[in-house]
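Data first, discussion second: the structure below is written as structure tokens.
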Amino acid sequence: MIKYADSVEKCTPESLKGFFVGWPNPPSPEKYVELLESSDEIVLAIDDDTGKVVGFVTAISDGVLSAYIPLLEVLPEYQKQGIGRELMRRMLEKLDGLYMVDIICDKRVRPFYEKFGMKASCGMCIRRFGKQAGI
Ligand SMILES: CC(C)(COP(=O)(O)OP(=O)(O)OC[C@H]1O[C@@H](n2cnc3c(N)ncnc32)[C@H](O)[C@@H]1OP(=O)(O)O)[C@@H](O)C(=O)NCCC(=O)NCCS
């Protein structure tokens, strides 16, 4: 069974392994814990049988008008079971009432976000790889 949590308190670095699939330089488990602790909102999906985190979503927000959702990921072996949808549903509930909630995503994931009433827009970004990014 999958349970959901909004704190990283009881998670060990071991329970957080396997994410950032395909990233050229994924963050270390310590950095991963740090980014979860530093986010304004998080939702974790945890496999009750193993205690492993199998999905997560984070948000950064001013709590007044705006929020940005930088990271959403479900472990490959847990995808297509409704976990991503539940993570997003819970996160959007937390951000309910804000004027803007933004995400930058690949075109291939657009249909997923459209299920939550999100609309395609135009974004700009900087991506720093390697040591430059401190990860
Ligand atoms: C995108 C992602 C989080 C979806 O998680 P998931 O647990 O597999 O999604 P769900 O099972 O909850 O799917 C919910 C719905 O979205 C659809 N969907 C899932 N992934 C999709 C995708 N990549 N593109 C289009 N639709 C998708 C499902 O078919 C399902 O549709 P339904 O409601 O009609 O049945 C997951 O595929 C993932 O982690 N991908 C790699 C990381 C990534 O791309 N993250 C997004 C960064 S912007």
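First listed ligand is number 1; within each ligand, the first listed atom is number 1.
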- Run the ring-ring contact (aromatic ring centres under 6.0 Å, His included) check on Y32 and F56 step by step: do they pass? CA-CA 11 Å; Y32 181 29; F56 76 102; 5.0 Å; yes
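- Atoms of ligand 1 lying under 4.0 Å from at least one heavy atom of E73, given by number and element, are 39 (O).
- The side chain to side chain contact (heavy atoms under 4.5 Å, CB included) test with T58 is passed by exactly one of V43, I42, D40: I42.
- Checking each of I83, V74, L44 against V54 for a side chain to side chain contact (heavy atoms under 4.5 Å, CB included) leaves exactly one that passes, namely I83.
- A side-chain donor-acceptor contact under 3.5 Å links S7 to the backbone of E9.
- In the displayed structure, E77 atom CD is contacted under 6.0 Å by more than 12 heavy atoms of other residues, nucleotides or ligands.
- In summary, the atoms of ligand 1 found under 4.0 Å from a heavy atom of Q81, numbered by their order in the structure, are 11 (O).
- From the protein, the heavy atom lying nearest to atom 5 (O) of ligand 1 is G84 CA, 3.6 Å.
- Counting only heavy atoms of the protein, atom 38 (C) of ligand 1 lies nearest to Q79 NE2, 3.4 Å.
- Proximity of R108 to ligand 1, defined as any heavy-atom pair under 4.0 Å, is shared by backbone and side chain alike.
- Of all protein heavy atoms, the one lying nearest to atom 8 (O) of ligand 1 is K80 N, 2.7 Å.
- Taking atom 33 (O) of ligand 1 as the reference point, the nearest protein heavy-atom neighbour is R85 NH1, 2.4 Å.
- Of all the heavy atoms in V101 and M118, the pair that sits closest is O-CE, 3.5 Å.
- Across all their heavy atoms, W23 and L71 have their closest contact at CZ2-CD2, 3.9 Å.
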Would K94 and D6 count as a salt bridge (Lys or Arg N to Asp or Glu O under 4.0 Å) here? Give the steps. CA-CA 10 Å; K94 285 173 180 287; D6 51 16; 3.0 Å; yes
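- Among all protein heavy atoms, the one lying closest to atom 11 (O) of ligand 1 is G82 N, 2.8 Å.
- Among all protein heavy atoms, the one lying closest to atom 42 (C) of ligand 1 is L72 O, 3.8 Å.
- Across the listed options F112, F20, F116, Y113, F112 owns the non-hydrogen atom lying nearest to atom 25 (C) of ligand 1.
- Remark: ligand 1 and I104 share no N or O pair separated by less than 3.5 Å (distance only, no angle test).
- Checking side-chain atoms of D62 against main-chain N and O of S66 turns up a donor-acceptor pair under 3.5 Å.
- Among protein heavy atoms, atom 1 (C) of ligand 1 sits closest to V109 CG1, 3.9 Å.
- Ranking the protein heavy atoms by distance from atom 31 (O) of ligand 1 puts K115 CE, 3.2 Å first.
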